[in-house]
Amino acid sequence: MKKLLALLLTLVMVLGLAACGGDDTQPAQDNNAGSSQPADSGSDAAPTDDGAADAQQPADGKPVIAFVPKVMGQAWWDYVQSGVMDWAAETGYEVIYKGPTEVDAAAQVQIMTDLVNQGVDILCFSPNDPGACEQICKEAMEKGIIVVSTEAATMENVDYDVEAFNDAGLGGFLMDQLAAQMGEEGEYITMVGSMTMESQNNWADAAVARQQEAYPNMTLVPDARVADDSDAEKAYNLTKELIQKYPNLKGILGTGSFDAPGAARAIEELGLTGKVFAISVAMPSETRDYLKDGVLQSVGLWDPSLSAKAMLNLAVAMYNGETPASGMDLGVEGYESVSIDGTLVVGDGQIAITKDNVDNFTF
């Protein structure tokens, strides 16, 4: 009887292996280096279910990596995708790059859910809604998946969140840029998208602190801070009003992406190029002409493709058994010696976009 039972068990195992679908030495279907298949934006916008193949470990022992952007087909994230694909080609790792075709939190979570269920080893992402991603990230971590985010410093269910800079770093950087343009003297004001945008106001506070510490001949005007409602047209009108109110105004330090473009339009129109200076975080595509014409000297930003590469390098290091610690070199410019506090990983990745490098960016 025991021999018969053993024979039956063996037969079941053989049949079970046959049902798994053949050669398990092939890598996952979606995991070709540089693969990037967008999904629809609706609730059924998950990547195509490729079955068990997606969950199989490649024969070379390398991890199955997924990178989920906020959206596909948008210039910023297309630029990130090019960086991820370059990283894949340079390192030989394979990456699934998938995201919704619209900024849709539910669609993004569905894509992440399918990837987790398919059995990826590493999940990198930038959330449209951090709160909406908490549950699937918790499930991923419970399955042993390494989870690394960006632009999600408040999330709880991630191994690490990688940021290009901290508030003080960016605010101080913007002030240093403006001070150099103003000759370290004269009146200035700060501009934000909204008085309730925490990060933008934190950056502005840090900029003022940097001025008070390092540039005593610069003066913050009585208005101190104005908001343009994240509208370049309003920034334009505000700048004209401020210049009329403060005839000696020499600098406008913005922290929203519409601040410098709007201010530059007013400066150019009023014939004040080289006399009034403006800077903010801004997109290269929105400021390219102003930079090349000298209306703006620089704007601040970070290179999101480098942030993505830093995320991937961190995740792979963890997969290979390394324990991240402050001072760790993530092998990317601006992330050579990161600081780590809990799950927050901070680099020194802020950069100045100028007339000399603006054409390097495609967003």
Side-chain angles (χ1 to χ4, degrees), residues 33-34 36 62-70 76-99 112 115 120-127 130 133 137 140-141 145-155 157-170 173 199 203 281 284 300-353 357 360-363:
S36 55
K62 293 179 179 178
V64 178
I65 304 171
F67 196 108
V68 180
K70 291 181 188 290
W76 176 279
W77 292 104
D78 285 349
Y79 181 77
V80 172
Q81 181 179 355
S82 68
V84 170
M85 297 302 103
D86 286 344
W87 179 89
E90 292 164 3
T91 62
Y93 287 101
E94 299 169 335
V95 182
I96 305 166
Y97 190 96
K98 289 185 178 180
M112 293 168 65
L115 289 166
V120 298
D121 300 299
I122 291 171
L123 176 63
C124 295
F125 73 104
S126 180
C133 296
C137 289
M141 293 176 70
I145 297 170
I146 294 167
V147 180
V148 176
S149 62
T150 188
E151 298 182 45
T154 61
M155 281 194 66
N157 293 296
V158 296
D159 287 293
Y160 290 100
D161 177 77
V162 177
E163 301 296 337
F165 47 76
N166 58 23
D167 290 342
L170 181 63
F173 173 79
S199 60
W203 299 341
V281 171
L301 200 62
W302 67 100
D303 188 323
S305 73
L306 296 183
S307 294
K309 292 178 181 181
M311 293 166 67
L312 291 162
N313 284 341
L314 174 65
V316 169
M318 292 176 63
Y319 182 83
N320 290 330
E322 188 171 346
T323 301
S326 287
M328 183 179 187
D329 183 356
L330 295 182
V332 180
E333 183 179 357
Y335 302 84
E336 297 94 336
S337 181
V338 297
S339 64
I340 300 180
D341 182 7
T343 61
L344 182 62
V345 179
V346 178
D348 189 26
Q350 60 270 8
I351 56 176
I353 308 296
N357 65 3
N360 295 340
F361 301 93
T362 57
F363 58 89

Under a 3.5 Å distance rule, please check whether [X] uses its side chain to pair with a backbone N or O of [Y] as donor and acceptor.
X      : Y      : value
Asp159 : Val148 : no
Asn320 : Val316 : yes
Glu163 : Glu151 : yes
Lys98  : Val68  : no
Ser326 : Ile340 : yes

Can you name the nearest heavy-atom pair linking [X] to [Y], along with the distance?
X      : Y      : value
Phe125 : Val147 : CE2-CG1, 3.6 Å
Met328 : Ala317 : CE-CB, 3.7 Å
Ala310 : Val332 : N-CG2, 3.8 Å
Cys133 : Met112 : SG-SD, 4.0 Å
Gly83  : Lys309 : O-CE, 3.3 Å
Val120 : Ala66  : CG1-CB, 4.1 Å

Measuring from atom [atom1] of [X] to atom [atom2] of [Y], what distance do you get when rounded to the nearest 0.5 angstrom?
X      : Y      : atom1 : atom2 : result
Ile353 : Asp303 : CD1   : CG    : 7.5 Å
Met318 : Ile122 : CE    : CD1   : 8.5 Å
Tyr160 : Ile146 : OH    : CD1   : 10.5 Å
Thr150 : Met155 : OG1   : CE    : 12.0 Å
Ser305 : Phe363 : OG    : CZ    : 7.5 Å
Cys124 : Met311 : SG    : CE    : 4.5 Å

Would you call the rings of Tyr93 and Trp87 parallel, tilted or perpendicular, where under 30° means parallel and over 60° means perpendicular? parallel

Measure the acute angle between the ring planes of Phe67 and Tyr97, then classify it against the limits of 30° and 60° as parallel, tilted or perpendicular.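 Parallel: the ring planes of Phe67 and Tyr97 meet at under 30°.
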
Donor-acceptor side-chain pairing of Thr343 and Asp161 below 3.5 angstrom: no

Hey, mind stepping through Phe173 and Phe165 against side-chain contact (heavy atoms from CB on, under 4.5 Å) and telling me if it holds? CA-CA 10 Å; Phe173 173 79; Phe165 47 76; over 6 Å; no

For Leu170 and Val281, what are the C-alpha separation, side-chain angles and deciding distance, and is it a side-chain contact (heavy atoms from CB on, under 4.5 Å)? CA-CA 9 Å; Leu170 181 63; Val281 171; 3.9 Å; yes

Is the count of non-hydrogen atoms from other residues, nucleotides or ligands lying under 6.0 Å from Glu336 atom CD greater than 12?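 It does: Glu336 CD has more than 12 such atoms within range.
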
More than 12 heavy atoms of other residues, nucleotides or ligands under 6.0 Å from CG of Asp341: is that the case? no

Go through it in stages, so that I can follow the logic: the residues are Tyr335 and Val162, the test is side-chain contact (heavy atoms from CB on, under 4.5 Å), and I'd like the CA-CA distance, side-chain angles, deciding distance and then a yes or no. CA-CA 10 Å; Tyr335 302 84; Val162 177; 4.1 Å; yes

After noting the C-alpha distance and the side-chain angles of Leu301 and Phe361, does the key distance pass the side-chain contact (heavy atoms from CB on, under 4.5 Å) rule? CA-CA 11 Å; Leu301 200 62; Phe361 301 93; 5.6 Å; no

